[in-house]
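Per chain, numbering begins at 1; letters A, B, ... match sequence-line order.
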Number of protein chains: 2
Amino acid sequence: MAKPSSLETRDRILTAANKLFYGEGIRAVSVDAIAEKAGLTKRTLYYHFKSKDDLIEAYLISRDQPNLAAFAQWFDEAEGPVSAKTQVIFQRVAENARHPKWKGCGFLRTVAELANMPGHPAVAVGARHKKKFELWLAEAYAKAGIQQAQDLARAVTLLMDGAFSAMLTHRDPQYAEDAGAAAYRLVELACASS
Amino acid sequence: MAKPSSLETRDRILTAANKLFYGEGIRAVSVDAIAEKAGLTKRTLYYHFKSKDDLIEAYLISRDQPNLAAFAQWFDEAEGPVSAKTQVIFQRVAENARHPKWKGCGFLRTVAELANMPGHPAVAVGARHKKKFELWLAEAYAKAGIQQAQDLARAVTLLMDGAFSAMLTHRDPQYAEDAGAAAYRLVELACASS
DNA sequence: TCAAGTAAACTCACTAGGTAGTATACATGG
DNA sequence: CCATGTATACTACCTAGTGAGTTTACTTGA
């Protein structure tokens, strides 16, 4: 069967790809650089991934569940009404954005960089990730008895993507705080009419 | 002085850079490709621009005023209260996004692609452009007698950036329509408390 | 028990083409 | 004549991807 190191090697490549793709961008990072960071040769990398595009897709897939889980945990841990719980998500995102290595939302940045390849599998992964986030929010709002849960989830998701973009543009976490305040108002408004 | 064709040549290069950088992305486009599209040699391009980075910056600078002017025109032409005028901007953006060549906001995409170079002059141009948009909105809201004009302009700008990101991700103009509806609600809310 | 076989996992050296940027020379209008 | 503008041809290096061969771990037959 497979060597015991096989899965471990694939993970090492993915970890290196994560750091480099997120830190430097997709097209700015060469396959050679990833192989070197992973401590193996390019030929070995191509044994585990059939192309650079394949590796880009795998990079985003590896971030999908962890990111969604973090949002859900922040929301669940927060006290108070859904409006406040929503706002907490934005506050946590703002906190994360203070780390020096923070470089925006990896999904949005990858989609933006691959805008000239709409059919790229990684773009589809990014779109699905954002859809999942919105759907999860909509379900949370529906459980809280909000009538227009879908519309509200859509608006909050738009504010979140706007916050990611603005924080990256201006390098200022305040934008996520302000987006959170706007989201709070919209949730309160929806609650009032429910 | 310069040959009469000099300014024209610079413009030809800038036009080619515009189409290629916006259509394909920054790092995906080579200086050779821009020179070829402009119908001249790379050496001539380097006579007018000192580096690729310089050309990237010039590309964004050339889009700054036209974009802001379009937003202002859409807003001024629209009928009704500021809430409706705000919503119209989003509707116009959604219309534009239906063009096959639409590839998102050139400023946001450039900033996202150059996220690993925070000091890049083009990133600064992108940040200034977004600040100008927000400031223009804040002034329009203040003129309309809204108390929290700045907060409101910030929220609407966040929704706009979110709309750009989501439309690019999902290739669906509906996201701008929904962002416009949310913006409408926030403006109405601010008007009510003024 | 242990040598031979096998397939997975891996490396070295390479191809063919693209990259930003430049040294040098030629043209052309004032 | 001479400054501005343009082109040819080049450097030095990086790019994704591959052909061919080697090492490793495990299986299997005697």
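Between the side chain of B/Lys42 and the base of D/dA7, no donor-acceptor pair under 3.5 Å is found. Taking 3.5 Å as the limit, the base of D/dG5 and the side chain of B/Arg43 contain no donor-acceptor pair of atoms between them.
Side-chain contact between B/Cys105 and B/Asp161: absent, with no pair of heavy atoms (C-beta onward) separated by less than 4.5 Å. Side-chain contact between B/Met167 and B/Trp102 is present, with heavy atoms from C-beta onward closer than 4.5 Å. Side chains of B/Leu108 and A/Leu108 form no contact here, defined as non-hydrogen atoms less than 4.5 Å apart. Annotation: side chain of A/Pro118 is in contact with side chain of B/Arg171 (closest heavy-atom distance under 4.5 Å). Side-chain contact between B/Asp64 and B/Leu68 is present, with at least one heavy-atom pair separated by less than 4.5 Å.
Atom CG in A/Leu40 sits roughly 16 Å away from atom P in D/dT24 (whole-Å rounding). Between A/Glu36 atom CD and D/dC14 atom P the separation is 11 Å, expressed in whole Å. Between B/Asp32 atom CG and C/dG17 atom P the separation is 15 Å, expressed in whole Å. In this structure, A/Lys50 places its NZ atom 16 Å from C1' of D/dT18, rounding to the nearest Å. What separates NE2 of B/His48 from P of C/dG21 is a distance of 17 Å, to the nearest Å. Atom CZ of B/Arg12 and atom P of D/dT6 are 8 Å apart (whole Å). Put simply, CZ on A/Phe49 is 12 Å from P on C/dC10, counting in whole angstrom units. B/Leu45 places its CG atom 10 Å from the P atom of C/dG21, with the value rounded to the nearest Å.
Nucleic acid contact for A/Ser30: sugar-phosphate only, since backbone atoms but no base atoms lie under 4.0 Å from a heavy atom of the residue. Within the nucleic acid shown, B/Thr41 comes within 4.0 Å of at least one base atom, counting heavy atoms only.
Near DNA chain D, meaning a heavy atom under 4.0 Å from it, residues 51-62 of chain B has no residue at all.
Between A/His170 and A/Tyr175, the ring planes lie parallel to each other; the angle is under 30°, not in the 30° to 60° tilted range.
Checking the phosphate oxygens (OP1, OP2) of D/dG5, no side-chain nitrogen or oxygen of B/Thr9 falls inside 4.0 Å. Between D/dT6 and B/Tyr47, no contact under 4.0 Å exists linking OP1 or OP2 to a side-chain N or O.
Taking the centre and axis of the six-membered ring of B/Phe107, the NZ or CZ atom of B/Arg63 falls outside the cone set by 45° and 6.0 Å.
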